[in-house]
*Asks:* 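Take a look at the following structure, please.
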Amino acid sequence: MNSAIELLAPRFDIAWYPWAVQYFFMIALSYATLWLAAPALVFGRPRWLPTARLALLACLTTTLVAPVALLADLHQPLRFWHFYAYANSHSWMSVGSLVLPLYVVGVIVLSWLAWRPALQAHRQAPGLGGLVARWLSLGEPPTPRALVVLVGLGTLALSTGIMLYTGAEVAIVKARPLWHTVWLPPMFVATGFIAAAGLILVLNRLAGERSTAVNRQMLKVMLGACLVAGLVAGSWLLDGINANAGSVAAALASVRDSAEWRSTALWGGLTGVVLFGAVLYLLTGPASRRPTLYAWGWVLGLVALHVGWMFRWVVLMDVQTVARHSAGFHHYGIPAGSSGILGIVGTFGLWLAAILLIDLFVPWRQATQGGSTADISPAAPDHPDVEGALRHG
Amino acid sequence: MLPRLCNHCENPPCVPVCPVEATFQRQDGIVVVDSDRCVGCAYCVNACPYDARFINERTQTADKCTFCAHRLEAGLLPACVESCVGGARIIGDMRDPESQISRMIAEHRDALMVLQPEKNTLPQVFYLGMDERFVTRPDAEPVALEVLDPHGQEMGYEFRH
Ligand code: SF4
Ligand code: SF4
């Protein structure tokens with residue numbers, strides 16, 4: 001090495017705020033829960049109906065909150081209409097701004113169709129609940145099954161557009177080598193499904209459904225998603241382990257040079273392995289102990305949500321602290337205000353409010369695959385035991 | 001000291017990502033931002049490999065070095081060129097073969113360097129006599145985490161190579 005040089009590296013602020021993490025997290029939960037609702041709702045598998053009910057609640061609420069977080073990440077949110085006045089087909093963000101509203105409308109219409117028969121059954125309910133049900137159900141005619149399938153298929157198609165654009169938007173950025181890999185978009189999707197299955201496990205417990213069928217289905221989905229995530233991560237690593245530039249090289253350099261990145265990598269790896277092991281244990285445990293084992297599913301659900309959120313935090317926030325043009329890492333402390341903690345808490349608060357509001361006014365537990373009021377069992381309006389045989393305490 | 005400014009890349013990665021076409025390359029090659037159209041999504045800030053862009057706190061839109069386009073239009077030199085006492089900065093019309101810049105580029109062709117050439121951005125800011133370790137991201141050890149200016153404002157981090 002020749003003479004030493006001294007560098008004064010300016011501190012560069014991050015450009016995308018934690019709002020971006022919130023958006024990517026919410027929208028991933030949204031598209032993944034849509035696919036988990038689809039077996040019953042769109043493809044007519046009645047065994048999946050209890051899962052679909054929880055999944056649809058999760059899907060609609062995350063779909064409503066995600067665009068709020070996205071808008072908040074703009075420094076000029078009131079100019080959002082520029083996206084439509086000056087669309088640029090070269091930009092994935094612009095493509096996304098066209099797909100997202102269609103997708104949101106699709107999810108809203110699909111939820112409405114699925115909940116409509118139950119709303120109609122509640123038209124005579126006393127008080128505000130009945131009023132809302134009358135108002136929301138828009139008349140008595142039955143909901144054609146074909147319409148549910150049609151809207152469902154359309155929305156599923158749009159959701160693949162969301163998966164594609166959210167992944168590509170980040171992965172095309174050559175300036176940040178850690179992002180610039182084809183393995184990033186599939187990893188977003190895989191971790192999205194891990195988190196979505198986790199969310200349904202948690203909701204299954206919190207909403208008092210405690211369905212064993214739901215637990216089993218979601219644990220299986222989570223196992224599959226963990227496997228896919230492991231494969232994707234492995235391929236990414238093998239793909240680039242011998243390259244001296246690119247995403248893997250940048251990751252290895254970060255892990256080598258920074259204690260924080262070392263602990264992040266360790267934490268991520270450990271959590272993934274522990275989650276996978278625990279899910280496998282629950283699924284393969286003896287049938288006699290299943291109810292006891294499955295009762296702990298919600299804990300794994302929380303771990304899975306943590307995995308989905310942390311992955312997005314590391315990818316979107318931590319990567320922005322890796323200096324690209326000067327040496328080292330920029331320090332980033334999460335600010336307390338709306339571009340930091342307040343934004344994160346606010347998004348989750350808004351989400352909780354959306355769930356509670358829907359729980360209050362919409363008989364989502366009775367969601368069907370279409371049809372008329374008569375399909376809703378009037379005997380047990382609060383606990384429609386369509387899948388009674390599958391439900392345990 | 002290595003002055004780093006917008007390279008006004010011939011193939012600027014900051015331009016195609018803009019969702020509202022608020023940033024563009026002018027006929028003369030200068031890359032500018034239309035701050036009335038910019039929505040402040042900061043996509044371009046992330047897409048520039050040179051940290052040349054930032055969100056202007058006052059306007060809440062993307063901002064960067066413009067080669068002082070407003071001064072060029074008035075027939076003046078960019079402020080940094082005009083004020084450099086060593087006369088180290090030279091700007092000119094590269095498309096005019098007779099200009100000083102074109103003659104210098106021809107003369108020093110082999111010694112000229114650009115930053116991060118592997119990113120294929122074709123920078124239009126050339127460095128003559130630069131320490132080669134700056135061409136890519138320097139690999140250096142931090143020695144001081146915060147360096148303050150005389151007013152106590154943080155200027156950045158110090159590294160030693
Ligand atoms: S240096 Fe950065 S901001 Fe300037 S033209 Fe190149 S990519 Fe764009
Ligand atoms: S910050 Fe402004 S100029 Fe940059 S990509 Fe977004 S809209 Fe375009």
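Quantities reported herein were computed from a predicted structural model and do not represent experimental measurements. Both backbone and side-chain heavy atoms feed into the values below; hydrogens, waters and symmetry mates do not. Each chain gets a letter, A, B and so on, in the order the sequences are listed, and its residues count up from 1.
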*Asks:* At a 4.5 Å cut-off on heavy atoms, which part of B:Thr59 comes close to chain A: side chain, backbone, both, or neither?
*Replies:*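 Only the backbone of B:Thr59 comes within 4.5 Å of chain A.
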*Asks:* Is it possible for you to check whether A:Arg312 lies under 6.0 Å from the centre of the six-membered ring of A:Trp309, through NZ or CZ, and within 45° of that ring's axis?
*Replies:*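 No, a cation-pi geometry is absent between A:Arg312 and A:Trp309.
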*Asks:* Tell me, for A:Ile172 versus chain B, whether the close heavy atoms (under 4.5 Å) come from the side chain, the backbone, both or neither.
*Replies:*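 Only the side chain of A:Ile172 comes within 4.5 Å of chain B.
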*Asks:* Between A:Arg324 and B:Asp51, is there a side-chain N and carboxylate O pair less than 4.0 Å apart?
*Replies:*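 Yes.
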*Asks:* Need one label for A:Gln320: side chain, backbone, both or neither, based on atoms under 4.5 Å from any heavy atom in chain B.
*Replies:*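 Looking at A:Gln320, just its side chain touches chain B.
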*Asks:* Under a 4.0 Å threshold between the charged nitrogen and the carboxylate oxygen, would B:Arg26 count as salt-bridged to B:Glu73?
*Replies:*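 Looking at B:Arg26 together with B:Glu73, the answer is yes, because their closest N to O distance falls below 4.0 Å.
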*Asks:* Using a cut-off of under 4.5 Å on heavy-atom pairs, state which of B:Asn46, B:Val20, B:Val17 scores highest against chain A.
*Replies:*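 Counting heavy-atom pairs under 4.5 Å, the top option is B:Asn46.
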*Asks:* Salt bridge or not between B:Glu82 and B:Arg89? Use side-chain N to carboxylate O under 4.0 Å.
*Replies:*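 Salt bridge between B:Glu82 and B:Arg89, a charged N being under 4.0 Å from a carboxylate O: no.
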*Asks:* Heavy-atom pairs under 4.5 Å with chain B are the metric here; pick the option from A:Met93, A:Arg176, A:His90 that has the most.
*Replies:*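 Among A:Met93, A:Arg176, A:His90, the one with the most close pairs to chain B is A:Met93.
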*Asks:* Kindly state whether the ring of A:Trp16 and the ring of A:Trp179 have centres lying under 6.0 angstrom apart.
*Replies:*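 Under 6.0 Å, so yes.
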*Asks:* Does any backbone or side-chain atom of B:Cys41 lie under 4.5 Å from a heavy atom of chain A? Answer side chain, backbone, both or neither.
*Replies:*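 The answer is both parts of B:Cys41.
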*Asks:* Could you tell me if A:Ser254 and A:Arg262 have a donor-acceptor pair between their side chains, going purely by distance under 3.5 Å?
*Replies:*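 There is no such pair between these side chains.
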*Asks:* Only pairs of heavy atoms separated by less than 4.5 Å count here; which of B:Val45, B:Thr61, B:Ile55, B:Asn120 has the most with chain A?
*Replies:*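 Max contact count across the listed options: B:Ile55.
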*Asks:* Is the centre of the B:Tyr43 ring less than 6.0 Å from the centre of the A:Trp92 ring?
*Replies:*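 Here the rings of A:Trp92 and B:Tyr43 have centres that are no less than 6.0 Å from each other.
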*Asks:* Using non-hydrogen atoms only, which part of B:Glu21 is less than 4.5 Å away from chain A: side chain, backbone, both, or neither?
*Replies:*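 Both parts, backbone and side chain.
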*Asks:* Heavy-atom distances under 4.5 Å only: say whether B:Phe54 touches chain A with side chain, backbone, both or neither.
*Replies:*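 Answer is neither: B:Phe54 stays 4.5 Å or more from chain A.
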